[in-house]
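Naming convention: chains lettered A, B, ... in sequence-line order (proteins, then strands); numbering from 1 in each chain. These numbers come from a predicted model, not from an experiment.
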Protein chains: 2
Amino acid sequence: MNNKFPNITVDAIVFSYFNEKIHVLLIKRNFDPFKDNYALPGAFIKDNESADDAVYRMLKDETGLNLEYLEQLYTFTKPDRDPRQRIISIAYYGLINATNQVLKTSQHATEVSWVEIKEAFKRNLAFDHKEIMLYALQRLRNKLQYEPIGFDLLPEYFTIGELYNLYCAVLDKGLDRRNFTRKILSFELLKETSFKTGGHVGRKAKIYEFDKINYDRLKKVGFNFEI
Amino acid sequence: MNNKFPNITVDAIVFSYFNEKIHVLLIKRNFDPFKDNYALPGAFIKDNESADDAVYRMLKDETGLNLEYLEQLYTFTKPDRDPRQRIISIAYYGLINATNQVLKTSQHATEVSWVEIKEAFKRNLAFDHKEIMLYALQRLRNKLQYEPIGFDLLPEYFTIGELYNLYCAVLDKGLDRRNFTRKILSFELLKETSFKTGGHVGRKAKIYEFDKINYDRLKKVGFNFEI
DNA sequence: CCAAAAGTGTTAGGAGTACACCCATGT
DNA sequence: ACATGGGTGTACTCCTAACACTTTTGG
């Protein structure tokens with residue numbers, strides 16, 4: 001298999017949002033070291049693929065998931081971070097709209113699951129994966145506030161209320177809903193659709209779509225998204 | 001020498017500030033590939049040293065410099081970024097107060113020099129080092145505005161005017177000096193010393209010192225440095 | 001006395017924040 | 001009718017940004 005990089009891996013922390021909570025993808029380890037602990041999905045980098053490509057391939061193979069967003073996080077290099085042999089890990093974090101994807105298992109990852117983020121930190125995590133997860137969560141929190149990445153955790157069509165709940169869940173604090181709504185709408189990056197929610201009690205909500213094309217255009221002109 | 005990682009390097013982009021301009025450390029290459037081009041200082045990672053340690057060691061060995069500040073930037077992994085063989089590079093950026101350090105050459109780096117940043121971008125740069133430099137400059141500009149790292153480019157004792165000029169140089173734009181001064185002083189993180197400048201025309205300036213201990217304390221309580 | 005750099009206040013406009021009620025709908 | 005979630009306006013405060021003259025010093 002891979003020969004050039006027998007000691008460099010990519011590890012990915014994949015965030016999803018459902019049931020009004022943030023979740024991360026964890027794999028239960030069936031072998032030592034750290035048997036029965038949980039670990040982030042990861043793989044060795046193969047010849048002729050970039051680290052980004054390796055993450056996409058690995059997630060596809062091991063879990064069947066296709067990310068909406070992927071970003072390199074940090075490279076972890078402590079000589080003793082793996083007890084067997086020295087391994088350098090290039091860590092990534094990714095975002096996914098979990099509602100229309102099916103989680104598969106594979107030969108390597110027989111037990112893969114979405115774990116609510118607070119629960120995940122309580123689990124026994126292999127290697128330095130707790131540290132990586134913490135780093136990723138901080139990056140997600142920061143980035144959510146000055147780049148429109150929250151939309152990558154939601155379906156294509158969503159309500160302001162869903163977006164609001166997502167922000168509260170990630171930042172783990174309450175926000176003022178009126179101020180939030182005003183701010184988000186002031187960017188004029190949400191396209192109002194003709195749909196409305198239904199099928200549940202309460203007033204029907206307007207359904208929006210994020211205008212990515214317009215955002216990319218504005219960004220070039222120096223526009224700043226900031227919640 | 002190193003056996004575990006024959007294809008992982010660290011590259012460092014070191015910034016310094018003097019003559020009212022930002023400079024970066026470049027090495028002129030004496031060998032192919034990219035003979036006579038300029039490159040960032042770099043080295044292979046040795047067994048039993050972290051990437052951070054490798055950067056400190058490499059800079060000490062090749063240039064004799066001791067950094068005030070070092071931060072991991074990004075890991076570059078494109079399979080063809082080195083024409084000879086596949087190499088992954090963990091890039092760092094560092095800050096240094098160049099005024100009291102002497103630049104040495106070494107066997108590997110016979111021509112090492114500080115190059116003014118705009119001039120540096122005009123040079124022929126080896127590998128993907130232009131891309132790395134651009135990435136580093138953007139990070140420096142961002143970080144300067146919400147963390148007090150500018151002080152690491154200045155001597156221990158400095159005037160508000162020097163700090164102001166540094167900010168203008170890094171951000172490459174004019175700022176309002178009165179607003180800048182008010183903002184900086186409002187943090188109460190500059191300790192006024194009993195010294196004053198002298199030896200040149202113009203009014204003598206107060207000399208300050210950055211109160212790092214107090215900053216670290218405030219940061220824990222949730223203080224936010226932001227220019 | 002002149003050139004150079006330091007130092008210093010005020011104001012107007014915009015952004016952020018805090019706050020509470022009515023509306024539409026399904027059960 | 002009532003419970004649930006959606007939608008909206010105002011006032012106050014604080015921060016930002018714009019702006020120019022006086023002071024001190026060395027030459």
Engineer: In whole angstroms, how far is the C1' atom of C:dG16 from the CG atom of A:Leu185?
Structural biologist: 17 Å
Engineer: Parallel, tilted or perpendicular, judged at 30° and 60°: which one describes the rings of B:Phe15 and B:Tyr93?
Structural biologist: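 Aromatic pair B:Phe15/B:Tyr93 classed perpendicular.
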Engineer: Return a single string for nucleotides 1-6 of chain D, one symbol per nucleotide in 5' to 3' order, where B is base contact, S is sugar-phosphate-only contact and - is none, cutoff 4.0 angstrom on heavy atoms.
Structural biologist: ---BBB
Engineer: Starting at the 5' end of DNA chain D, which residue's closest nucleotide do you reach first, B:Glu226 or A:Thr181?
Structural biologist: A:Thr181
Engineer: Would you indicate whether the side-chain heavy atoms of A:Leu190 and A:Ile160 approach each other to under 4.5 Å?
Structural biologist: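 A:Ile160 vs A:Leu190: side chains touch.
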Engineer: Quick one: A:Arg182 CZ to C:dT17 C1', roughly how many Å, whole number?
Structural biologist: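 Taking CZ of A:Arg182 and C1' of C:dT17, I get 9 Å after rounding.
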Engineer: To the nearest angstrom, how far is B:Tyr208 atom OH from C:dG7 atom P?
Structural biologist: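 Interatomic distance, OH of B:Tyr208 to P of C:dG7: 6 Å.
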Engineer: Output the rounded distance in Å from NZ (B:Lys196) to P (C:dA6).
Structural biologist: 12 Å
Engineer: Could you tell me whether the side chain of A:Arg178 has a donor or acceptor atom within less than 3.5 Å of a complementary atom in the base of C:dA18?
Structural biologist: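 By the distance-only test, no, there is no pair.
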Engineer: Within this structure, what is the CD1-to-C1' distance between B:Ile227 and D:dT16, rounded to whole angstrom?
Structural biologist: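 Taking CD1 of B:Ile227 and C1' of D:dT16, I get 13 Å after rounding.
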Engineer: Please list all pairs passing the salt bridge (charged side-chain N to carboxylate O under 4.0 Å, His left out) test where one or both residues lie in residues 155-176 of chain B, with sequence neighbours left out.
Structural biologist: B:Lys118-B:Asp172
Engineer: Can you measure A:Lys183 atom NZ to C:dA18 atom P for me and round it to whole angstrom units?
Structural biologist: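 That distance rounds to 14 Å.
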Engineer: Taking the six-membered ring of A:Phe34, is NZ or CZ of A:Arg29 closer than 6.0 Å to its centre and within 45° of its axis?
Structural biologist: no
Engineer: Tell me: CZ of B:Phe180 to C1' of D:dC19, nearest whole Å?
Structural biologist: 19 Å
Engineer: Whether A:Asp216 and A:Lys212 form a salt bridge (side-chain N of Lys/Arg under 4.0 Å from carboxylate O of Asp/Glu) is what I want to check.
Structural biologist: yes
Engineer: Run B:Phe210 and B:Tyr208 through ring-ring contact (aromatic ring centres under 6.0 Å, His included) and show every step you take.
Structural biologist: CA-CA 7 Å; B:Phe210 177 61; B:Tyr208 295 88; over 10 Å; no
Engineer: In whole Å, what is the span from the CG atom of A:Asp176 to the P atom of C:dA15?
Structural biologist: 18 Å
